[in-house]
There are 2 protein chains.
Amino acid sequence: MKESESKLENRNIKPTAMRELVLSVLSEQTAAISLADLEQTFEKADKVTLYRTLKTFEENKLIHSIDDGTGSVKYALCKETCQCHPEDLHVHFLCTKCKKTYCLNDIPVPSVNLPTRFTLENINMVIKGICSNFHR
Amino acid sequence: MKESESKLENRNIKPTAMRELVLSVLSEQTAAISLADLEQTFEKADKVTLYRTLKTFEENKLIHSIDDGTGSVKYALCKETCQCHPEDLHVHFLCTKCKKTYCLNDIPVPSVNLPTRFTLENINMVIKGICSNFHR
DNA sequence: GTTAACTTTGCAACTTGGTTGCATCAATTT
DNA sequence: AAATTGATGCAACCAAGTTGCAAAGTTAAC
Ligand SMILES: [Mn+2]
Ligand SMILES: [Mn+2]
Ligand SMILES: [Zn+2]
Ligand SMILES: [Zn+2]
């Protein structure tokens, strides 16, 4: 059985050809990608199918989505063990020059002391700034 | 001179009737509001005018915007002294039951130790969960 | 093996929130 | 008063995401 196949099955996702392709594209990325980005990596693919593929992946915690405030949601692979609980979360970085969004997997979202009238379910922390890639 | 008038002029915003009205609506809120919310508080008002009013307010740091991931940006008044620099920022809370977004003005965004290849400009931290308001 | 049931895919069409162009109106300056 | 500048209102547009539905593909039952 292929690597990608078992990765899908581990998350209870039926491994179709399309899904294996999408997973392999996601695996190649160094930054999170949007639905539109994903669409462009394929010669000919339906946006809706890709959309639903990403949704399935996210529902099964194979990937997580990042709302970086740019207006298009980005997606990146989860770690093997990730359950997308607050303690699994990490910080994201959006470079305002190259517009890329990176998972800072090594930087956990810092815990905050919420007033007792609030109970926590999830945290989204996006840092904007400039990365040291070449910016033309 | 009216309170609202001087608040506008303090931020170098020409105080028109429309702008004073919008500012007063913003002042009444206990939670951040969206453009659509704002539109509904007026009997008859043009969405575009309100949109541009909010934009002007934000550009002049009278208000700040919050992207809470719901798909509609929320707005809330800044503190008098706010310059919207990283050290001025606070955490926001989105209740998944009542869908309201609150400024946690007392909770500054925790600082994170970024790898040196990243320089920080801004941080958006939104906590999702449940607030203790009555939820029907 | 054929049929039935269920799932995935592809196309078209729609929704929503946000945005732009441009003409009109109001305020300010000369 | 005429000219300039800025604010407002209407219509039209745009991008991202989403839904409905039929066709194609898979799996399970007979
Ligand atoms: Mn990530
Ligand atoms: Mn706030
Ligand atoms: Zn960069
Ligand atoms: Zn609530």
Side-chain angles (χ1 to χ4, degrees), chain A residues 1-2 4-5 8-9 11-25 32-60 62-75 94 99 101 124 126, chain B residues 1-2 4-5 8-9 11-25 32-60 62-76 94 99-101 124 126:
Chain A
M1 183 190 284
K2 263 180 290 184
S4 60
E5 219 170 311
L8 290 168
E9 292 191 335
R11 294 290 189 171
N12 288 311
I13 301 165
K14 208 189 291 181
T16 67
M18 185 77 254
R19 287 171 178 172
E20 287 191 42
L21 274 174
V22 171
L23 174 55
S24 80
V25 170
I33 69 171
S34 68
L35 173 58
D37 295 335
L38 181 62
E39 206 183 348
Q40 284 177 5
T41 70
F42 291 96
E43 193 63 29
K44 176 193 165 295
D46 185 44
K47 187 179 67 157
V48 178
T49 303
L50 296 174
Y51 165 73
R52 288 196 265 235
T53 301
L54 290 174
K55 224 168 113 176
T56 304
F57 282 9
E58 188 179 14
E59 277 163 12
N60 293 282
L62 179 61
I63 63 176
H64 59 278
S65 63
I66 307 138
D67 189 332
D68 60 12
T70 57
S72 59
V73 177
K74 308 294 195 317
Y75 300 87
L94 166 65
K99 316 284 185 205
T101 300
N124 180 35
V126 177
Chain B
M1 181 190 286
K2 262 179 291 183
S4 60
E5 218 168 311
L8 289 168
E9 294 191 334
R11 294 289 190 171
N12 290 310
I13 301 165
K14 207 189 289 182
T16 68
M18 185 78 251
R19 287 170 177 174
E20 288 191 42
L21 275 173
V22 171
L23 175 55
S24 80
V25 170
I33 68 171
S34 68
L35 173 57
D37 295 336
L38 182 62
E39 205 183 349
Q40 285 178 4
T41 69
F42 290 96
E43 193 62 30
K44 175 194 164 295
D46 183 44
K47 186 179 69 160
V48 177
T49 303
L50 297 174
Y51 165 74
R52 289 198 263 238
T53 301
L54 290 174
K55 223 167 117 178
T56 304
F57 283 9
E58 187 180 13
E59 277 163 12
N60 293 281
L62 179 61
I63 63 177
H64 59 279
S65 63
I66 307 137
D67 188 331
D68 60 13
T70 57
S72 60
V73 177
K74 307 293 194 320
Y75 300 88
L94 166 65
K99 316 284 185 205
K100 291 196 173 179
T101 300
N124 179 36
V126 177

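Proteins come first, then strands; the chains are lettered A, B, ... in the order of their sequence lines, and each starts at number 1.
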ask   = Between C:dG17 atom C1' and B:Ile66 atom CD1, what is the distance in whole Å?
value = 17 Å

query = Please give, in whole Å, the distance from D:dT19 P to A:Leu50 CG?
reply = 17 Å

request  = Between A:Thr53 and A:Val48, name the one whose nearest nucleotide on DNA chain C is closer to the 5' end.
outcome  = A:Thr53

query = Toward the 5' end of DNA chain D, which comes first, B:Met18 or A:Tyr75, by nearest nucleotide?
reply = B:Met18

Criterion side-chain contact (heavy atoms from CB on, under 4.5 Å) on A:Tyr51 and A:Asp46, from CA distance to verdict = CA-CA 9 Å; A:Tyr51 165 73; A:Asp46 185 44; over 6 Å; no

task = Measure the distance from CG on B:Asn60 to P on D:dA7 and round it to the nearest whole Å.
result = 10 Å

ask   = Roughly how far apart are A:Arg11 CZ and A:Glu58 CD, rounded to 0.5 Å?
value = 12.0 Å

A:Asn60 side chain vs A:Leu62 backbone, donor-acceptor pair below 3.5 Å = no

query = Is any side-chain nitrogen or oxygen of B:Ser72 closer than 4.0 Å to OP1 or OP2 of C:dG17?
reply = no

note = Whole-Å distance, B:Lys14 NZ to C:dA27 P, equals 10 Å

task = Check whether any side-chain nitrogen or oxygen of B:Thr16 sits under 4.0 Å from OP1 or OP2 of D:dA7, and answer yes or no.
result = no

ask   = Given atom CD of B:Glu59 and atom P of C:dT19, what is their separation to the nearest angstrom?
value = 11 Å

inquiry  = Using OP1 and OP2 only, check whether a side-chain N or O of B:Arg19 sits under 4.0 Å from D:dA7.
reply    = yes

message = In this structure, how many angstroms lie between the P atom of D:dA16 and the CD1 atom of A:Ile33, rounded?
response = 14 Å

key: Nucleotide D:dC14, atom C1' - distance to NZ of B:Lys47 in whole Å   = 11 Å

request  = May I ask you to verify if any side-chain N or O of A:Tyr51 is less than 4.0 angstrom from the OP1 or OP2 atom of D:dG17?
outcome  = no

query = Hey, is the side chain of B:Arg52 pairing donor to acceptor with the base of D:dG9 inside 3.5 Å?
reply = yes

task = Could you grab the distance from atom CG of A:Leu38 to atom OG1 of A:Thr53, nearest 0.5 Å is fine?
result = 8.0 Å

query = Which of these nucleotides, C:dT7, D:dG20, D:dG17, is closest to any side-chain atom of A:Val73?
reply = D:dG17

task = Show your working on side-chain contact (heavy atoms from CB on, under 4.5 Å) between A:Phe42 and A:Leu21 and close with a plain yes or no.
result = CA-CA 9 Å; A:Phe42 291 96; A:Leu21 274 174; 4.0 Å; yes

request  = Take atom CD of B:Glu58 and atom C1' of C:dT19, then tell me their distance rounded to the nearest Å.
outcome  = 14 Å

